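A short worksheet on the structure shown next.
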Protein chains: 2
Amino acid sequence: MNIYDISNKAGVSIATVSRVINGNTNVSPKTREKVMAIIDEYGYTPNAFARGLGLNSMNTVGILCADSSDPYLARAIYLLERDLRGNGYDSILCCTGYHVKTKQKYLNLVLSTKRVDAVILVGSNFVEVQDEKNQYIRDVAKNVPIMIINGAMDGENIYSVLCDDFRAVYDVTKALIRCGQSNILYLYNSLSYSGLKKVAGYRAAFEDEHLMVKEDYIQYFEGNIIEVKNHLLKLSNKGFDFNAIITSDDNLAIGALKYAKEKGIKIPTELSIIGYNNSMITECCEPELTSIDNKLETVCKNCVSSLMSVFAGDDVPLKTVFSADLVKRGTTFL
Amino acid sequence: MNIYDISNKAGVSIATVSRVINGNTNVSPKTREKVMAIIDEYGYTPNAFARGLGLNSMNTVGILCADSSDPYLARAIYLLERDLRGNGYDSILCCTGYHVKTKQKYLNLVLSTKRVDAVILVGSNFVEVQDEKNQYIRDVAKNVPIMIINGAMDGENIYSVLCDDFRAVYDVTKALIRCGQSNILYLYNSLSYSGLKKVAGYRAAFEDEHLMVKEDYIQYFEGNIIEVKNHLLKLSNKGFDFNAIITSDDNLAIGALKYAKEKGIKIPTELSIIGYNNSMITECCEPELTSIDNKLETVCKNCVSSLMSVFAGDDVPLKTVFSADLVKRGTTFL
DNA sequence: TTGTATGCGTTATCAT
DNA sequence: ATGATAACGCATACAA
């Protein structure tokens, strides 16, 4: 059943059928009704491929992320897909892993097939510190608009939507210092755009309070919950003394919690812990985890609506920054 | 840059270019090389829409799930996307929510656009108990193969891959009973295919041990972690006496854990808790949660490879059932 | 081995 | 308001 069949049965030309389908106004009400009746009767739906060929678009956007099973990214994908679908766009998912090489490969793959109208990069890990490594993204942006969530990058046709991670960590670090807890361990596992912003926030808070930044209190560590716990045990045994831990990620904070449990350290009396992302696991532990909420829903909503504006040819800010919130739970006195 | 441009520059016909692109053997090595050189030089990639129009396929499958931000479903999606891409297929994600009406709407939407080569339904909640409500799935299966993960349904062109949830709960219930813990609360939040299988396993274990099934120990409850906790507190205050809780879901089990914490009940000494899915949150709590692992990775792998067989026209089992594993952690003595 | 011609099902342009 | 027809870019049957 194609447009010719319908046009035959309705006794009109395919052009008229096409006009009816696409809501073109230049059709008499009578004709429209007649055609619609036939369409309904035979349950005709236009062939998406043919339409794609003609319009050079199938209303599809590519969502790229390192690992969609990460709960935080999974939520972002959920929110994006929902809003995109609400605007009539399908989402093609593509998990790239964390290596630049594979990211590049998949971005080019998704694009080279030239079937997506835009690409959304979810997670600041898509923005490399060495800017020349981001060139491949700029290349792709010559063809389709690129939206970056939680990271920022300059470039034509590249739009960034994110939270002010620097400020968030800065504020929380300062607050802890002012509570007298200046032995603050900063634990992070990402050297991405936002990962580095967070560290910078930590440093700046100390500097603004005229305190020395102890470099060995800034710990980069990759590993699962158990490994984080063991790492902290090791640090503690080495004589490290800390009364607060800020992490770049809720998972790390869970590891810190496990460490405290194992050492019999009371929380938050003897140790404050602050996570990042305000993910669902903040409510799975005991006590529940204080965490920085970087407003994922707001960011995703804005991303999609901005993208729609880009499609519409409207002016869209290259960079949109929201502020984060501290969600206070049981692991701090704040 | 299209196939005509390439054919001109290479001094051959478009048919030859097409043959080169598609790896057809009937091309002389010399010609192939010449054409490839031009293709590389101009960075030509075939237009996916045009190709889709001719072949009536763009190598895309639709992945439908109720809520991709659910960590368990998110992991399934991750695994499926990975394996599909490994086979050259893109994944279109579509979150349907939990209502039959919207599921039907989205399934028809994804299909009516006729752009997917198959549909994977992730989660047993797609299979309704009242079989007539599943008719819409059978209707869609007339057009494209349907794969169901974690649920099973009869029907032409419908393939189910799942774990034996009945057996898993049966075994674990029996084990608890034989440890003398026969006051077992069964807590569940899903009336789906697998949800009911699990309950049936619980019942069967009691019957096979010649014990009465206490109906009020089978509790259906929907709600978040806190609500589950409060529900259990209420039950306890009403005089319910239980020394073990089996849940249909890890989240419910976390609620049970919180309940125990609040009441000062020792785990596992005074209360055993067993979750389901072996999701990552099993490792976020204290003590860590014993949980039934329904082999998601195995199931997803099998699903994709079965789908490829379906595409190839090979014989594929309509139903593939794996056995589940109990992963023992800190909330049981088992 | 290579080329010609046609079909795939739309949308859009131009007449009428 | 409606119709005829040309793109859109590829795959492929058939011819050579």
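Note on naming: letters A, B, ... go to the chains in the order of the sequence lines (proteins, then strands), and numbering restarts at 1 for each one. Since we're looking at a predicted model, the values are computed, not measured.
Under the 4.0 Å criterion applied to side-chain N and carboxylate O atoms, A:Asp90 and A:Arg115 are not assigned as salt-bridge partners.
Protein chain B touches strand DNA chain C; the 5'-most and 3'-most nucleotides with an atom under 4.0 angstrom of its non-hydrogen atoms are C:dT1 to C:dG9.
Legend: ring-ring contact (aromatic ring centres under 6.0 Å, His included) pairs involving residues 74-93 of chain A, not counting sequence neighbours, sorted by first then second residue: A:Tyr89-A:Phe311.
In the displayed structure, A:Glu41 atom CD is contacted under 6.0 Å by more than 12 heavy atoms of other residues, nucleotides or ligands. Within a 6.0 Å sphere centred on CG of B:Asp139, other residues, nucleotides and ligands contribute more than 12 heavy atoms. No more than 12 heavy atoms of other residues, nucleotides or ligands sit less than 6.0 Å from atom CG of B:Asp154.
Residues B:Arg51 and B:Asn59 bring no donor and acceptor atom of their side chains to less than 3.5 Å of each other.
Nearest heavy atom pair, residue A:Ile6 against residue A:Val17, reads CG2-CG1, 3.9 Å. A:Val299 and A:Asn294 get closest at one heavy-atom pair: CG2-O, 4.0 Å.
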Quiz prompt | Contact state string [nucleotides 6-12 of chain D, B base, S sugar-phosphate only, - no protein heavy atom under 4.0 Å] | solution = --BBBBB
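Taking the side chain to side chain contact (heavy atoms under 4.5 Å, CB included) definition, one finds that B:Lys301 meets it with B:Arg82, B:Asp83, B:Glu297, sequence neighbours left out. In terms of the side-chain hydrogen bond (donor to acceptor under 3.5 Å, both in side chains) criterion, B:Asn125 has no residue partners (sequence neighbours excluded).
Remark: nothing in residues 27-37 of chain B comes within less than 4.0 Å of DNA chain D through any heavy atom.
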